[in-house]
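Taking it in order: structure first as structure tokens, then the write-up.
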Number of protein chains: 2
Amino acid sequence: MQTVIKKFKKNLQEENLKSTPQRLAILEEMMKTDEHLECEEILLKLKEKGNKVSRATLYRTMDILVKYKFVRKLEIGDGRVRYDSNLVHGKRNHDHMICLDSGDIIEFYNDKIEKLQNEIAEKNGYKIIRRVHQLFVKKV
Amino acid sequence: MQTVIKKFKKNLQEENLKSTPQRLAILEEMMKTDEHLECEEILLKLKEKGNKVSRATLYRTMDILVKYKFVRKLEIGDGRVRYDSNLVHGKRNHDHMICLDSGDIIEFYNDKIEKLQNEIAEKNGYKIIRRVHQLFVKKV
DNA sequence: TTAATTTTGATAATCATTATGAAAAAAATA
DNA sequence: TATTTTTTTCATAATGATTATCAAAATTAA
Ligand SMILES: [Mn+2]
Ligand SMILES: [Mn+2]
Ligand SMILES: [Zn+2]
Ligand SMILES: [Zn+2]
């Protein structure tokens, strides 16, 4: 059941990294949210729950979580990086619509687009490692 | 024939902005390149041709060029903004594949993806204002 | 324990971009 | 043309998110 935490601990071992309270607190925080949080927000949430973590540790740990695909880095054009958890039920492999008026983030997934992307890459002799697909929109 | 420059001058007038030598030099530089240049590169090109322009003026002018769609702002994940000229023959409305090994930027356009995007936005009650669609790839 | 290694966290550094403000240029007015 | 007003430019300072540094704390190994 705590399969995510187990996996994280295994990943840390693989890199000869220790499983510290701070690293685990950050992972667990990211398991609890389906929002697209920026670093400052994550720090605040941790602090509120009594898990004070330094900025440096947070940034370092987010890199690990990205590397092992627990979270995804997201840049929606406001100059700050956000993180999108892959750890919430059924939340994976989606793209984003960002409302330029409200700032709302709407998630979407389209299988046909996915396939077309793969075809395009393949046709050029490439394989896709990472995709960024964002629609900046306004209400009709 | 110098229809682009004329249009730029008209756009400036519309905003009560003057058509200065610096602004024109920047526009003309962007008419000459099909590369995806960052600010520092644009400054250097201008300097080499004897059109020395200050950083502040460059940044301000690029915002104007973006606003009037002479160029497009591009962020390919290296922390610096790049500009993609819309002023070179037939160069418009395309997306990018970025090779994570070589840094090469390959442009692509797919009509089906375009249509699917519009459908997705429409279905959610939005219209698309701007798109970011980038495939980060590696050679097969 | 003791010693060696890793991690943390306070703080400083970085660096692309933005703000500032005095001087230069351009436009408007006389 | 000379004078005044407005705009622009440019050198430089400030900003702010992120990254680097390094001494102290925690962890692990011996
Ligand atoms: Mn990083
Ligand atoms: Mn700007
Ligand atoms: Zn998301
Ligand atoms: Zn391009």
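In the text below, chain A, chain B and the rest are named by the order of the sequence lines, each starting its count at 1. Since the model is a prediction, treat every value here as computed from it, not as a measurement.
- No cation-pi contact links K138(A) to Y126(B), judged by a cut-off of 6.0 Å to the six-membered ring centre and 45° from its axis.
- Between I42(B) and T33(B) the shortest side-chain heavy-atom distance does not fall below 4.5 Å.
- Along DNA chain C, the nucleotide closest to T57(A) and the one closest to P21(B) are compared, and the more 5′ of them pairs with T57(A).
- Each of K45(B), R82(B), K91(B) was checked for a salt bridge (Lys or Arg N to Asp or Glu O under 4.0 Å) with E35(B), and the lone residue meeting it is K45(B).
- Each of dG9(C), dA11(D), dT17(C) was ranked by its minimum atom distance to the side chain of K52(B); first place goes to dA11(D).
- Taking every side-chain heavy atom of R80(A) into account, dA17(D) is the closest of dG9(C), dT9(D), dA17(D).
- Residues A56(B) and L17(B) both approach DNA chain D. Their nearest nucleotides, taken by heavy-atom distance, put L17(B) toward the 5′ side.
- Listed for the S85(A) side chain is a donor-acceptor partner under 3.5 Å among the backbone atoms of M30(A).
- Closest-nucleotide positions on DNA chain C for K18(B) and E40(B) were compared, and the one nearer the 5' end corresponds to E40(B).
- R23(B) has a side-chain polar atom (N or O) that falls below the 4.0 Å cut-off from OP1 or OP2 of dT9(D).
- Atom CG of D78(A) and atom P of dG16(D) are 14 Å apart (whole Å).
- Considering only side-chain atoms of C39(A), the nucleotide from dC10(D), dT18(D), dA16(C) that sits closest is dT18(D).
- Among the nucleotides dT28(D), dT8(C), dT20(C), the one closest to any side-chain atom of R60(A) is dT8(C).
- To the nearest angstrom, P of dA17(D) lies 8 Å from CD of E38(A).
- Nearest nucleotide to the S54(B) side chain, out of dA10(C), dT9(D), dG9(C): dT9(D).
- The closest side-chain donor-acceptor pair between E114(A) and H133(A), if any, does not fall under 3.5 angstrom.
- In this structure, L58(A) places its CG atom 10 Å from P of dT18(D), rounding to the nearest Å.
- Across the protein-nucleic acid pair, L24(B) atom CG and dT9(D) atom P stand 10 Å apart, rounded to whole Å.
- Enclosure of atom CD in E122(B) is not indicated, since only 12 or fewer non-hydrogen atoms of other residues, nucleotides or ligands lie within 6.0 angstrom.
- Taking only side-chain nitrogens and oxygens, Y59(A) comes nearer than 4.0 Å to OP1 or OP2 of dT18(D).
- Taking atom CG on L43(A) and atom C1' on dG9(C), their separation rounds to 12 Å, with Å as the unit.
- If you measure from atom CG of N16(B) to atom C1' of dT8(D), you get 14 Å, rounded to the nearest angstrom.
- Applying the 4.0 Å criterion to OP1 and OP2 of dT27(D), one finds that T20(A) has every side-chain N and O outside that range.
- Nucleic acid contact for Q22(A): sugar-phosphate only, since backbone atoms but no base atoms lie under 4.0 Å from a heavy atom of the residue.
- If you measure from atom CZ of R82(A) to atom P of dT18(D), you get 11 Å, rounded to the nearest angstrom.
- Spacing between atom NZ of K9(B) and atom P of dA26(C) amounts to 13 Å, rounded to whole angstrom units.
- Comparing dT7(D), dT17(C), dA17(D) by their nearest atom to the side chain of V81(B) picks out dT17(C).
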